[in-house]
Amino acid sequence: MELPNFSLALPEIFIALSGMALLILGVFRKQEATQGIAILAVITMVLAALLVPAASGNRAETFGGMFVVDGFAVFSKLLVLVASSLCLVMSVNWLVKEKLERFEYPVLVLFATLGMLLMISANNLIALYLGLELQSLSLYVLAAYQRDSGRATEAGLKYFVLGSLASGMLLYGSSLIYGFAGTTGFDALAKALEHGAPVGVIVGLVFVLAGLAFKISAVPFHMWTPDVYEGAPTPVTAFFAVAPKIAAFSLLVRVMVGPFGAVTAQWQQVVVFVSVASMLVGSFGAIAQSNIKRLMAYSSIGHVGYGLIGLAVGDQVGIRGLLIYLAIYLFMNVGTFAIILAMRQKGRLLEGIDDLAGLSKTHPMMAVAMAIFMFSMAGVPPMAGFWGKFYVFMAAVDKGFITLAILGVLTSVVSAYYYLRIIKVMYFDEPKEALDRGVSGSLTFIMGVNALLIVVFTFIPSPLVSSAGAAAASLFGG
Amino acid sequence: MIQALVFYVFAAITVASGVMVISARNPVHAVLFLILAFFNSAGLFLLAGAEFLAMVLVVVYVGAVAVLFLFVVMMLDINFVKLREGFLQYLPIGALIGLILLVELALVYGSWSFAPEAPLSVATRVPDLAVVTNTDALGRLLFTDYFYLFQVAGLVLLVAMIGTILLTLRSRPGVKKQNIARQNARTKETSVELRKVPTRGGI
């Protein structure tokens, strides 16, 4: 019996061990150590991000083919680690100000991130499920972290119940697929499905698709999103909106393109439907919202719809578009949530869109950053968000999905209404009561860096485009 | 013949007690039926030759999970009548969805087929059961082929534990707790005071 190649999973092993070490540290040092542990957790993620490319190179498998590393995995893992560490940096300030310092918070974020990395590298249905559960369980607890708040508890419970249902569907689908092929490994599944799939496998595939669609909150499995985003503590919402989505998207891509690549025609129609429905709900649902966290929930549903166009196309260009979209989405969203976290009045956190009124006069720099994010999210050329949509739509038009691309353009025009309304409120409405001055350094830093990255990408898109292209190519064995 | 008979007895009791779990009016009875269902499924496992799974089912599910349920049901004051209120109202639509799903699954079952590679890939995993015992065979698979999954499952349990503590543990001020170190450190000097009591004086 030879040992598996552990070096491929080095970032994951490092995060798992550090998470346990930080847990022990927290137990002994009690709640005063929360800030220190959060900083150590951020350092852990940065170090893990440095370890990720070291394990790359060509496609390689370990642990009996259950764990795979390729260019696609490296790209997605880097995105997830960046998203998680930025969100954790944002949370530290919130934990201190709300007097909710508990050392479990950074530890849970670390384990959730670990679950996401395992999802991205999953090459087996069981590995997929366990990674997903590790991530989801940590997220359920984080949603209910503010346990004295009724809304947060409700959010956590709602997320847990619906999430368990989705996991159940995923497992049921997997059992049907296993029943057909007699194996759970993706490579063996791909081989078994080469001669086409019988009805039983198609039903299983649809169940798996439904379970994963829940995790990226695609319509019609989106009902939990607005409630959970609104109820959960804001830094947790920021985390929910980026990191798990990127991980679940990569997982969805790997499952659909890998084992089910031979039956593309079967899942393509489902993905097209889900994509169109998500774009419609995301753009029309957000119009009537007055709470900015709810608005961001609908906005994220819409963005999932655009990303799914890339998957629906199903070829290398489409996946490249999806990866570019996810990367830009990450920075836009983290930046916006940093601003939402800075919306305080007399120390109290605000969530209304109207509370931004007159921001251009009281906090001009913050208003500029918010304007950049909103223009980018609306997809106004030449902002980064426009390029994200451009690459996805281009892939769709190339493959003949013209209706899908036209629907995407139309819904993004509709969604521009509510993004631009925020800019209008900031620049043209009279301030009622100014927001607190003295925004904390970490939030300012995140706003600045993300706004800068969006601007940089607007003018120099080639590094991201070429690395996303390489990542997508590695998935198709190119 | 005997084996088939035993199988049908176990299976029938399992299904019947499963129905009773969701239809029993008294929640304590429901949990007791659940325990019955677990015992009978353990019997089914024994018939299938999986003695380790049978024992684990009894030890873990009956010994821990079901007893925990019983505690929760008895200790929490849940108004079950109120919980059941919407039951009849949602029954028609629930039954309809269940029926549709049943028909679909029947169709799937009717047209079921296996991949040509399926029997082969299942067979390669299992060690020769004539040589090793059931538990041994499970252990060999779990700690070699499925080592990775075993570790990740452990992490999932760790997160569940952290979550439970985070969401339920509260430090209440003013609760009297036993401090053994302080009790042991008590000496005669710190706890006993000798006073001279004058006659008819009192203290």
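Proteins get letters first, then strands, A, B, ... in listed order; numbering begins at 1 in each. As a basis for the values below, the full set of heavy atoms in this structure was taken, side chains included, without hydrogen atoms, waters or symmetry mates.
Here the straight-line distance linking atom CG of B:Leu155 with atom CE of A:Met20 works out to 5.0 Å at 0.5 Å rounding. The CG atom of A:Leu3 lies 11.5 Å from the OG1 atom of B:Thr144; values are rounded to the nearest 0.5 Å. Atoms CD1 and CD, from B:Ile165 and A:Glu104 in turn, are 7.5 Å apart once rounded to the nearest 0.5 Å. Here the CZ atom belonging to A:Phe103 is positioned 8.0 Å from the CD1 atom belonging to B:Ile162, to the nearest 0.5 angstrom.
Residues A:Leu23 and B:Leu158 are in side-chain contact: their nearest non-hydrogen atoms beyond the backbone lie under 4.5 Å apart. A:Val203 is not listed as a side-chain neighbour of B:Glu104, based on a closest heavy-atom distance of 4.5 Å or more.
For residues 150-177 of chain A, heavy-atom neighbours of chain B at less than 4.5 Å comprise A:Tyr172, A:Leu176, sorted by residue number. Among residues 108-119 of chain A, the residues having any heavy atom closer than 4.5 Å to a heavy atom of chain B are, in sequence order, A:Leu108, A:Phe111, A:Leu114, A:Leu118.
Heavy-atom pairs under 4.5 Å with chain B peak, among A:Asn124, A:Leu130, A:Ile126, at A:Leu130. The residue among A:Pro198, A:Gly179, A:Gly200 with the most heavy atom pairs within less than 4.5 Å of chain B is A:Gly179.
Residue contact with chain B, scored on non-hydrogen atoms closer than 4.5 Å, is absent for A:Ala188. Only the backbone of B:Thr168 comes within contact range of chain A, judged by heavy atoms closer than 4.5 Å. Contact annotation for B:Leu107: neither backbone nor side-chain heavy atoms come within less than 4.5 Å of a heavy atom of chain A. The parts of B:Phe114 that come within reach of chain A are both its backbone and its side chain, each placing non-hydrogen atoms under 4.5 angstrom from that chain.
At most 12 heavy atoms of other shown residues, nucleotides or ligands fall within 6.0 angstrom of atom CZ in B:Arg186. Within 6.0 Å of atom CZ in B:Phe52, 12 or fewer heavy atoms from other residues, nucleotides or ligands are found, so the atom counts as exposed in its surroundings. The environment of B:Phe150 atom CZ is sparse: at most 12 non-hydrogen atoms of other residues, nucleotides or ligands sit within 6.0 angstrom. The number of heavy atoms from other shown groups lying within 6.0 Å of CD1 (B:Ile93) does not exceed 12. B:Gln183 CD: more than 12 foreign heavy atoms inside a 6.0 Å radius.
Closest approach of A:Arg102 to B:Leu166, counting heavy atoms only: NH1-O, 3.3 Å. Heavy atoms only, all atoms of each residue included: B:Val159 and A:Ser138 are closest at CG1-OG, 3.5 Å. Considering every non-hydrogen atom in both A:Leu137 and B:Ala160, the closest pair reads CD1-CB, 4.3 Å. Shortest non-hydrogen contact noted between A:Ala144 and B:Leu167 is O-CD2, 3.4 Å. The heavy-atom pair separating B:Ala115 from A:Ala192 by the smallest distance is CB-CB, 4.0 Å.
Applying the ring pair (Phe, Tyr, Trp, His ring centres under 6.0 Å) test to pairs two or more places apart or on separate chains, those with a residue in residues 13-38 of chain B are B:Phe38-B:Tyr61.
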Show the numbers, then the answer: is there a side chain to side chain contact (heavy atoms under 4.5 Å, CB included) between B:Arg170 and A:Asp148?
CA-CA 11 Å; B:Arg170 283 159 203 271; A:Asp148 294 323; 3.2 Å; yes
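For A:Tyr105, the side chain to side chain donor-acceptor pair (under 3.5 Å) test picks out A:Ser91, with sequence neighbours left out.
Using the six-membered ring where Trp is involved, B:Tyr148 and A:Phe63 have ring planes that are parallel, under 30° apart on the 30 and 60° scheme.
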